[in-house]
Amino acid sequence: VRGMAPAGSEIVQDISLAADQRTSADATGAWVLSVDLENGENVLKFRIGSDDATVKTIRITYTEPSGSESAAPSPSEAATLTPEPTAKPKATPSPAPTPKPTPAARTFDDGDLIVGDDIKPGTYRLRDEPFLCYWERLSGFGGSFDEIIANGNESSYAIVTIGKSDVGFSSSGCGTWTSDLSAVTTSPKAAFGEGTYMVGTDVAPGTWRSSGGSDLCYSARLNGFGGTISSIITNDVGKTGMIVTIHSTDKGFSSSGCGMWTKIK
């Protein structure tokens, strides 16, 4: 299990009827803890130090692997045709242009992947909300922190742009990444929760107020989805009932611990 926590904090796996497992977050806040799984349902609990308010629970049903076959493409991944243009009236009708098929969305799952071989550079998103998702853009596979270009720990909708110069990309607990960047909200003006969203697609420009989920509310206006500090236009943390104005020139908006956002202007 990998995750992010305050730098130097102690991460505890609470194990009933046995000694707890412990590790510490490094200087960047990253931590890793190996866990044992038994056949059947496993309930894993993690917390920061002795603070029960930070407890996270994972339920995993595990069975011994018996081999698997590659899944056939789903109907949603099949190419569809674009509408055929209406031909202008002519004395002698000419054949309508042959429509080009719309390319199917590119997808990939968790693991260590080589950019250019296993996956193409570009922008990808999670269309399902994960529980403990961790991802890294990499300049190499040596395993050092210097090779991490950017990383993130997600528990809701996420978006990442993999650069052309990136050597690799790694994720765990995230599920399926897709190049389908269509909206994950019901309407750009509808209330939305934590996660990373595309301005104009998921969230409309304007002024929004949070419901004040916790004292650890964090929000950021983004000019891109690379996950680096340079991708942040402005950010704020620690307020309840925060108000943020999202500009039409912003590429994205991200928040955590803020509750629901409602458009007020």
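A quick note: this is a predicted structure, and the numbers were derived from the prediction, not measured. Starting from 1, each residue takes its place in the sequence as its number. Computed from heavy atoms alone, side chains included, the values below leave out hydrogens, waters and symmetry copies.
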Measure across [X] and [Y] and return the closest heavy-atom pair with its distance rounded to 0.1 Å.
| X | Y | answer |
| --- | --- | --- |
| Asn235 | Ala220 | CB-CB, 3.9 Å |
| Gly224 | Ser231 | O-CB, 3.7 Å |
| Val55 | Arg47 | CG2-CB, 3.8 Å |
| Gly200 | Pro188 | O-CG, 4.4 Å |
| Leu44 | Gln13 | CD2-NE2, 3.7 Å |
| Ser171 | Asp109 | OG-O, 4.5 Å |

Kindly indicate whether the side chain of [X], heavy atoms from C-beta on, has any atom under 4.5 Å from the side chain of [Y].
| X | Y | result |
| --- | --- | --- |
| Pro121 | Asp166 | no |
| Ile233 | Leu222 | no |
| Leu138 | Val167 | no |
| Glu154 | Tyr134 | no |
| Thr207 | Lys263 | no |

Does a donor on one side chain sit under 3.5 Å from an acceptor on the other, for Thr228 and Arg137?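 Note: Thr228 and Arg137 side chains miss the donor-acceptor criterion.
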Atom [atom1] in [X], atom [atom2] in [Y]: separation rounded to 0.5 Å?
| X | Y | atom1 | atom2 | value |
| --- | --- | --- | --- | --- |
| Thr178 | Asp128 | OG1 | CG | 10.5 Å |
| Lys189 | Trp208 | NZ | CH2 | 9.0 Å |
| Leu216 | Ser256 | CG | OG | 8.5 Å |
| Trp31 | Arg22 | CH2 | CZ | 13.5 Å |
| Phe225 | Ile162 | CZ | CD1 | 14.0 Å |
| Glu136 | Ile149 | CD | CD1 | 10.5 Å |

More than 12 foreign heavy atoms under 6.0 Å from CD1 of Ile229: is that the case here?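 Not more than 12 within 6.0 Å, no.
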Counting only heavy atoms not in Glu38 (residues, nucleotides, ligands), do more than 12 fall under 6.0 Å from its CD?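 Counting other residues, nucleotides and ligands, CD of Glu38 stays at 12 neighbours or fewer.
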Residue pairs fulfilling disulfide (SG to SG under 2.5 Å) with at least one residue in residues 23-53, sequence neighbours excluded: none
Summary of disulfide (SG to SG under 2.5 Å) pairs that have at least one residue in residues 123-157, sequence neighbours excluded: Cys133-Cys174
Verify, without hydrogens or angle tests, whether [X] (side chain) and [Y] (backbone) share a donor-acceptor contact under 3.5 angstrom.
| X | Y | result |
| --- | --- | --- |
| Asp117 | Ile114 | no |
| Tyr197 | Glu194 | yes |
| Arg209 | Val244 | no |
| Thr201 | Met198 | no |

Applying the side-chain hydrogen bond (donor to acceptor under 3.5 Å, both in side chains) criterion to Arg125, which one of Asp180, Asp202, Thr161 satisfies it? Asp202
Please say which of Ile58, Asp20, Asp14 ends up in a side-chain contact (heavy atoms from CB on, under 4.5 Å) with Lys45. Asp14
Honestly curious: do [X] and [Y] fall in one hydrophobic cluster under the side-chain, below-4.5 Å linking rule?
| X | Y | value |
| --- | --- | --- |
| Met4 | Phe145 | yes |
| Phe46 | Ile15 | no |
| Leu113 | Phe141 | no |
| Ile159 | Tyr218 | yes |
| Met242 | Ile246 | yes |

Within the 6.0 Å centroid threshold, strictly below: Phe253 and Trp261: yes
With sequence neighbours excluded, what pairs up with Ser9 under the side chain to side chain contact (heavy atoms under 4.5 Å, CB included) test?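 Ala5, Pro6, Ile11, Ala25, Ile48.
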So, using side-chain hydrogen bond (donor to acceptor under 3.5 Å, both in side chains) as the criterion, who are the partners of [X] when residues are at least two apart?
| X | answer |
| --- | --- |
| Thr28 | Asp26 |
| Ser170 | Asp112 |
| Ser156 | Glu129 |

Does a side-chain N-to-carboxylate-O contact under 4.0 Å join Arg221 and Asp236?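 Here Arg221 does not pair with Asp236 in a salt bridge, since their nearest N and O are not under 4.0 Å apart.
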Determine the sole option in Phe108, Trp135, Phe169 for which the ring pair (Phe, Tyr, Trp, His ring centres under 6.0 Å) test with Tyr124 is passed.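 With Tyr124 as partner, ring pair (Phe, Tyr, Trp, His ring centres under 6.0 Å) holds for just one option, Phe108.
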